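Read through the structure below, which is laid out as C-alpha cells, and then see the notes.
Note that the structure is a prediction, hence the values are computed from the model and not measured.
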There are 2 protein chains.
Amino acid sequence: QQVVVRGAALRKNLARVVLEGVPDAPGAAAQVFGAVAARGILVDDIVQVVTAPDAPPTINFTIDSSDVAEMRGMADQIVAEMGVRHVRIDEDVAKVSVVGVGMRAHSGVASRLFQALRDADVNIENISTSEIVISCIVRRADGEKALRTAHAAFELQQPTQG
Amino acid sequence: QQVVVRGAALRKNLARVVLEGVPDAPGAAAQVFGAVAARGILVDDIVQVVTAPDAPPTINFTIDSSDVAEMRGMADQIVAEMGVRHVRIDEDVAKVSVVGVGMRAHSGVASRLFQALRDADVNIENISTSEIVISCIVRRADGEKALRTAHAAFELQQPTQG
Ligand SMILES: C[C@@H](O)[C@H](N)C(=O)O
Ligand SMILES: C[C@@H](O)[C@H](N)C(=O)O
C-alpha cells in the first residue's frame with residue numbers, strides 16, 4: 001500500500017493529564033473515564049502502557065484547555081474514591097500530528113517523524129499512533145518548531161493549526 | 001457531531017513489545033524505531049506515556065507475530081547500544097478495536113467500551129485512542145469475549161477477525 005501523508009497539524013490549547021498508579025483490575029479505567037465523561041470533559045489520546053511487571057499502570061490523556069479547571073476539581077475524587085495514586089495536569093504541552101493513510105504498514109513513517117524531531121532537538125513526551133495518525137506531545141514552546149519540522153520532513157505545503 | 005461506531009475488530013496474531021526505561025532525550029525514539037524499521041519489522045500502536053517525574057519513559061508497541069523472532073534478535077542491541085534498560089516481548093495478547101467517526105468529541109464512547117470490558121471481567125493492559133479508533137490490548141484468552149462484549153455494547157452486527 002502506498003503511504004500518503006496528507007498533512008501535519010499543531011494543537012496548543014490542550015493539557016495532558018497523568019493518572020499515576022491506576023489499579024490494574026477490570027473496571028478501573030471504566031470508573032475514571034465514566035466520571036470524566038459525566039462531567040462533560042472531552043477526552044482525547046488516552047494512552048496506557050505496561051511498564052515493569054507488577055508496577056501499577058499509568059494512563060495519560062489530553063483534554064481541552066477550557067476543561068482544566070473542571071479536571072483539577074475532580075483530581076481529589078479520582079485519588080480518594082478510585083484508588084489512583086496521583087493525578088497531575090500539565091498545560092505546558094502541544095500536540096504535533098501527522099495524518100495519512102496506510103501508515104501502519106510503514107513503521108518508516110513514524111521513525112521519520114521521530115528523526116525530524118530529533119534533528120530539531122525537540123524532546124518527545126508522549127507518542128500515540130494508529131493507521132491514520134501519528135501524534136507526539138512536546139513542550140508547548142517547541143510546538144511551532146515541531147510543526148515546521150514535520151512539514152519539511154514530509155515535504156508538505158500548508159501548516160495547519162488547531 | 002453524531003458519533004457513529006462502525007464496527008469492532010479483534011486481532012490475535014500480534015505481540016506487544018515493552019521498552020522499559022528509554023532515555024528521555026531527543027533522538028532516543030528515532031534511534032529505536034529507525035533500527036526496527038531498517039529490519040523490516042512492521043510496527044503498530046506505538047504508545048509512550050509520562051509516568052512519575054524523573055522516571056525514564058516506557059514505550060509499548062505491537063508487531064506482527066511473524067516478526068517476533070526478528071524482534072527478539074535485536075533486543076540485546078537495543079539495550080546495549082541505545083541505552084534502553086529492558087526489552088520484553090509478550091505474545092499472549094490480543095487487540096480489540098472499535099472503529100468510528102467523530103469519537104474524540106465523545107469521551108463517552110471510550111468509557112462505554114471500558115465499562116463493557118469491566119462487565120465481562122476483562123482486564124485492560126494497553127489503551128490507545130484517536131478520533132477514528134479506540135484499541136485495547138487484553139490477554140489473548142480474553143480476545144473473543146472482549147470482541148463479543150464490544151459488539152453488544154455498541155449494538156453492532158458482524159464480528160470481524162484479523
Ligand atoms: C488500568 C486499567 O486499564 C485496568 N487494567 C482496567 O481494566 O480498567
Ligand atoms: C523517550 C523518547 O521519546 C525521547 N524523549 C525522544 O524524544 O526520542
Could you pull out every donor-acceptor pair under 3.5 Å between side chains of residues 22-31 of chain A and any protein atom, sequence neighbours left out?
residue	atom	partner	partner atom	Å
A/D24	OD1	B/N123	ND2	3.1

Practice task
Tell me, for B/V49 versus chain A, whether the close heavy atoms (under 4.5 Å) come from the side chain, the backbone, both or neither.
Solution key: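 For B/V49, the contact with chain A is made by backbone and side chain together.
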Handout entry: Toward chain A, the part of B/Q115 with a non-hydrogen atom under 4.5 Å
Key =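 When you check distances to chain A, atoms from both the backbone and side chain of B/Q115 fall under 4.5 Å.
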When hydrophobic residues are tied together by side-chain contacts of less than 4.5 Å, even through go-betweens, does [X] share a cluster with [Y]?
| X | Y | value |
| --- | --- | --- |
| B/F33 | B/I63 | yes |
| A/I124 | A/V5 | yes |
| B/F154 | B/V138 | yes |
| B/L113 | A/I41 | yes |
| A/I59 | B/V98 | yes |

Problem - Residue among A/D119, A/V32, A/V122 with most heavy-atom pairs under 4.5 Å to chain B - result: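 So the answer, after comparing A/D119, A/V32, A/V122, is A/V122.
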Practice task
Keeping the roles fixed (side chain from A/Q48, backbone from B/E125), state whether a donor-acceptor pair exists under 3.5 Å.
Solution key: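 Yes.
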Handout entry: Given A/D44, A/V133, A/V99, the one that forms side chain to side chain contact (heavy atoms under 4.5 Å, CB included) with B/S130
Key =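 One option only clears the test, and that one is A/V133.
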Problem - Interatomic distance, B/D45 atom CG to A/I127 atom CD1 [nearest 0.5 angstrom] - result: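 Between B/D45 CG and A/I127 CD1, I get 12.5 Å after rounding to 0.5 Å.
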Practice task
Taking the side chain as every heavy atom from C-beta outward, state whether B/N126 and A/V50 have any atom pair closer than 4.5 Å.
Solution key: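 In contact.
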Quick one: of [options], who has the most non-hydrogen atom pairs under 4.5 Å with chain A?
| options | result |
| --- | --- |
| B/R16, B/R88, B/H86 | B/R88 |
| B/D90, B/I137, B/T129 | B/T129 |
| B/P57, B/S128, B/G34, B/A52 | B/A52 |
| B/V47, B/T58, B/I46 | B/I46 |

Practice task
For B/Q77, enumerate each residue passing the side chain to side chain donor-acceptor pair (under 3.5 Å) test, keeping only those at least two apart in sequence or located in another chain.
Solution key: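 In terms of side chain to side chain donor-acceptor pair (under 3.5 Å), with neighbours along the sequence ignored, B/Q77 is linked to B/R39.
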